[in-house]
Every structure is written in structure tokens, then in C-alpha cells.
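Structure, as C-alpha cells:
In this chain, residues are counted from 1 in sequence order.
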Amino acid sequence: SQAVIEALAPEHLEQKRVIYFDNVDAKSFFRKIKMIPNLQRTLWIIISKSGGTVETLAQADYLSEYLSDNHQIALHQKAVVIT
């Protein structure tokens, strides 16, 4: 997804911010979430080739819990899942 976005729409990247969560390290994951200025206006795109990748599912679960507990945001209303 990162290569496709950067190749096809580089001019849009200047207007919108795209952050990739490609590391399962909890500290890095949390630091990236803190970089997002407005979580209410954030669209989450969750991508897993098989639909069962443990790392991707773990990140989605952590994100869902974090958004719900800290910002009263339901991830299923702010996400697109691609498998």
C-alpha cells in the first residue's frame, strides 16, 4: 500500500498525512498514535493479505481498545479492512 500511494498520488501526500504502522513494537506503535492530531477525523486502513496475520490482528485489537478507552471512538466506524 505504501508503494502504491507514493507512486500514484504524491501530490496528495502533501495535503493528507499517511502513517504506516508496520512494526509490532508497542512503544513505536503508541508513539505513532500520539503523532495524530485529530483521531476523530482519522480513517484507519487495516490490510492483511491472508486476513489472519497475527501481527495485524494484534495491532487492530490494541488500536480498538486504545481508541475506545481513551477517546470514545469505535474503530469499526472509522476503519476499512482489506484482505
Side-chain angles (χ1 to χ4, degrees):
S1 64
Q2 185 173 359
V4 171
I5 289 170
E6 290 175 359
L8 297 179
E11 67 279 357
H12 296 295
L13 292 178
E14 296 170 12
Q15 299 168 14
K16 308 252 186 237
R17 198 160 165 196
V18 178
I19 301 172
Y20 299 92
F21 291 82
D22 56 359
N23 187 330
V24 295
D25 172 52
K27 192 177 280 189
S28 169
F29 190 78
F30 187 70
R31 186 178 32 222
K32 285 183 177 182
I33 290 174
K34 292 284 193 176
M35 292 172 35
I36 301 169
N38 188 341
L39 292 170
Q40 288 288 348
R41 296 190 62 205
T42 300
L43 172 65
W44 300 92
I45 303 173
I46 302 167
I47 302 173
S48 170
K49 184 177 175 183
S50 68
T53 306
V54 174
E55 294 85 359
T56 304
L57 294 173
Q59 285 184 334
D61 186 52
Y62 175 76
L63 178 62
S64 178
E65 185 176 316
Y66 174 81
L67 292 175
S68 177
D69 292 351
N70 297 293
H71 299 280
Q72 291 71 48
I73 297 171
L75 178 60
H76 70 275
Q77 294 177 335
K78 301 281 187 179
V80 174
V81 177
I82 302 172
T83 61

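To the nearest 0.5 Å, the span separating CZ on F30 from CG on D25 amounts to 12.5 Å. With rounding to the nearest 0.5 Å, the separation of OG in S50 from CG in L57 is 7.5 Å. Taking OG1 from T56 and NZ from K49, the interatomic distance works out to 12.5 Å, rounded to the nearest 0.5 Å.
In the hydrophobic clustering of this structure, M35 groups with F29; members are Ile, Leu, Val, Met, Phe, Trp, Tyr whose side-chain heavy atoms approach within less than 4.5 Å, directly or through other members. Connection of F21 to I45 is not established within any shared hydrophobic cluster, with ILVMFWY side chains joined at heavy-atom distances below 4.5 Å, either directly or through further cluster members. Residue L43 is not grouped with residue L67 when hydrophobic side chains (ILVMFWY) are merged at heavy-atom distances under 4.5 angstrom, including chains of intermediate members.
Atom CD of E55 sits in a crowded spot, with more than 12 heavy atoms from other residues, nucleotides or ligands closer than 6.0 Å.
Judged purely by atom type and a 3.5 angstrom limit, K32 has no side-chain atom pairing as donor or acceptor with the backbone of I19.
Identified under the side chain to side chain donor-acceptor pair (under 3.5 Å) test for residues 73-83, with sequence neighbours left out: none.
Inter-residue side-chain proximity for I33 and Y62 is flagged as met; some heavy-atom pair is nearer than 4.5 Å. With contacts defined as side-chain heavy-atom distances shorter than 4.5 Å, the pair Y66/L75 does not qualify. Looking only at side-chain heavy atoms (C-beta outward), V80 and I46 stay at 4.5 Å or farther from each other. Side-chain atoms of W44 and L39, non-hydrogen and from C-beta on, do get closer than 4.5 Å to each other.
If you chain together ILVMFWY residues whose side-chain heavy atoms come under 4.5 Å of each other, V54 ends up in a group of its own.
Shortest non-hydrogen contact noted between Q40 and H71 is NE2-O, 3.7 Å.
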